[in-house]
Amino acid sequence: HVKSMLSRASDLAHIFMDKRIREGSLDLEIPETEVEVDEGGQPVDIIRADRLFSHRLIEEMMLAANVAVAKFFHEREVSSLYRIHEVPNADSIAELERFLQIFGFSKGLGGGKLQKKIGQALEHFEGQPQEQILHILTLRTMSQAKYSPDNVGHFGLGFEFYTHFTSPIRRYPDLIVHRLLKAA
């Protein structure tokens, strides 16, 4: 019974990912590292962490839960705490455009939804040596996400409504959101 549930969850995660990317969510693959330690707790190596589809499956389900809770609050006009990510400033976008042009991307980022334009530019370099550095440069272009009672959406994810709900054990804002949800 678990296998069939995981199979359905996998199918759903693929649908969520495809929809998210189609609607302009930026899928930046920045390699993560792990520090290996010896038996005494001393660092002995730094290695690249594997990112498996199982990680993405969990991530997609968490994103969906966070969006659902944010929409719930909005629809019921409940004052809440949103996780917002503002549009990058024009200078940062212009700098990213310069890098894209240097690497051979001739189209600009103007006109249309900016997230989709950036996503198309990154897709152009998929599998090429420039891909990883452009993902890092794109991340550096972005403003820092933050918490706010004023919902302005989440630029990087391309979500109109977003909050943090899924990790109340490790993030205090999630616990606040849980308490607000219970009160509502």
Side-chain angles (χ1 to χ4, degrees), residues 13-33 48-49 51 55-56 59-60 62-75 77-167 171-174 176-177 180:
H14 282 291
I15 292 167
F16 284 168
M17 274 189 290
D18 291 344
K19 181 179 186 289
R20 199 167 46 79
I21 300 304
R22 202 172 44 252
E23 292 178 355
S25 182
L26 297 173
D27 194 24
L28 301 176
E29 285 292 330
I30 309 295
E32 292 189 29
T33 57
R48 184 179 181 147
R51 185 150 190 240
H55 298 121
R56 297 205 63 156
E59 182 179 283
E60 290 301 326
M62 291 172 75
L63 289 171
N66 290 335
V67 168
V69 171
K71 283 182 180 178
F72 175 89
F73 287 141
H74 174 76
E75 290 165 359
E77 299 180 0
V78 174
S79 295
S80 182
L81 191 59
Y82 292 94
R83 183 69 171 168
I84 64 168
H85 186 230
E86 296 169 307
V87 176
N89 69 50
D91 291 341
S92 295
I93 293 300
E95 186 175 342
L96 178 60
E97 258 183 321
R98 280 193 298 276
F99 278 109
L100 289 166
Q101 288 173 350
I102 289 168
F103 287 139
F105 187 73
S106 57
K107 299 176 187 173
L109 298 178
K113 192 172 182 181
L114 181 58
Q115 295 102 316
K116 283 188 176 184
K117 294 285 188 175
I118 293 171
Q120 290 167 351
L122 295 175
E123 196 175 284
H124 175 81
F125 292 99
E126 196 171 311
Q128 297 182 34
Q130 305 94 320
E131 180 181 21
Q132 188 174 344
I133 190 70
L134 285 171
H135 281 242
I136 292 168
L137 290 170
T138 301
L139 182 63
R140 289 187 179 185
T141 299
M142 302 296 148
S143 59
Q144 179 106 21
K146 58 188 175 185
Y147 295 100
S148 174
D150 303 315
N151 181 33
V152 297
H154 196 291
F155 175 81
L157 292 172
F159 293 146
E160 184 179 359
F161 303 101
Y162 192 68
T163 191
H164 270 168
F165 166 78
T166 53
S167 297
R171 282 192 305 236
Y172 189 67
D174 298 50
I176 293 170
V177 170
L180 289 168

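What you see is a predicted model; the values in this text were computed from it and never measured.
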**Q.** Within 6.0 Å of CZ in R51, more than 12 heavy atoms from elsewhere
**A.** yes
Q. In Å and rounded to the nearest 0.5 Å, what is the CG to CD1 distance from L122 to I21?
A. 10.0 Å
Q.
Taking atom CD as the centre, does E160 end up with more than 12 heavy-atom neighbours from other residues, nucleotides or ligands that are less than 6.0 angstrom away?
A. no
(Q) I'd like to know if the side chain of N66 and the backbone of F165 have a donor-acceptor N/O pair within less than 3.5 Å. (A) yes
Q) Is a side-chain donor or acceptor of Q130 paired with a backbone partner of E126 at a separation under 3.5 angstrom? A) no
Q) Do the non-hydrogen side-chain atoms of Y147 and P173 ever get within less than 4.5 Å of each other? A) yes
**Q.** Stepwise side-chain contact (heavy atoms from CB on, under 4.5 Å) test for L26 and M142
**A.** CA-CA 11 Å; L26 297 173; M142 302 296 148; 3.4 Å; yes
Q.
Salt bridge or not between E23 and K113? Use side-chain N to carboxylate O under 4.0 Å.
A. no
Q.
Under the criterion side-chain contact (heavy atoms from CB on, under 4.5 Å), I'd like the reasoning laid out for T141 against I118: C-alpha separation, chi angles, the key distance, then a yes or no.
A. CA-CA 11 Å; T141 299; I118 293 171; 5.8 Å; no
(Q) For the CD atom of E123 and the CG atom of D27, what is their distance to the nearest 0.5 Å? (A) 10.5 Å
Q. To the nearest 0.5 Å, how far apart are OG in S92 and CG in L137?
A. 11.5 Å
Q: Can you measure from CG (L109) to NZ (K116) and round to the nearest 0.5 angstrom?
A: 15.0 Å
Q. Say you draw a straight line from NE2 of H85 to CZ of F155; how long is it, rounded to the nearest 0.5 Å?
A. 7.5 Å
Q) According to the interplanar angle, ranging from 0 to 90°, do the rings of H74 and F161 count as parallel (below 30°), tilted (30 to 60°) or perpendicular (above 60°)? A) tilted
Q) How about K19 and S25: do any of their side-chain heavy atoms sit closer than 4.5 Å? A) no
Q. Side chains of R20 and E60: does their closest heavy-atom pair fall under 4.5 Å?
A. yes
(Q) In the structure I gave you, are the side-chain heavy atoms of I136 and L28 within less than 4.5 Å of one another anywhere? (A) no
(Q) Quick test of your reading of the model: are R83 and D174 salt-bridged, counting only N-O distances below 4.0 Å? (A) no
Q. So, do T166 and R171 sit near enough that their side-chain heavy atoms are less than 4.5 Å apart?
A. yes
**Q.** Salt bridge present between E86 and K146 (N-O < 4.0 angstrom)
**A.** yes
Q | Criterion side-chain contact (heavy atoms from CB on, under 4.5 Å) on N151 and F73, from CA distance to verdict | A | CA-CA 11 Å; N151 181 33; F73 287 141; over 6 Å; no
Q: Could you tell me whether the side chain of L63 reaches within less than 4.5 Å of the side chain of Y162, counting heavy atoms only?
A: yes
Q.
Ring-plane angle category for F105 and F125, please: parallel below 30°, perpendicular beyond 60°, tilted otherwise.
A. tilted
Q) Below 4.5 Å, heavy atoms only, C-beta onward: do T33 and R48 meet side chain to side chain? A) no
Q | Which residues share a ring-ring contact (aromatic ring centres under 6.0 Å, His included) with H55, sequence neighbours left out | A | none
Q) What residues form a side chain to side chain contact (heavy atoms under 4.5 Å, CB included) with I176, not counting sequence neighbours? A) L81, Y172, L180
Q | Sub-4.5 Å side-chain heavy-atom contact between Q120 and K117 | A | yes
Q. What closest approach, in Å, do G108 and E97 show between heavy atoms, and which atom pair accounts for it?
A. CA-OE2, 3.3 Å
(Q) With a 3.5 Å distance limit and no angle check, can you tell me whether T138 reaches the backbone of L134 through a side-chain donor-acceptor pair? (A) yes
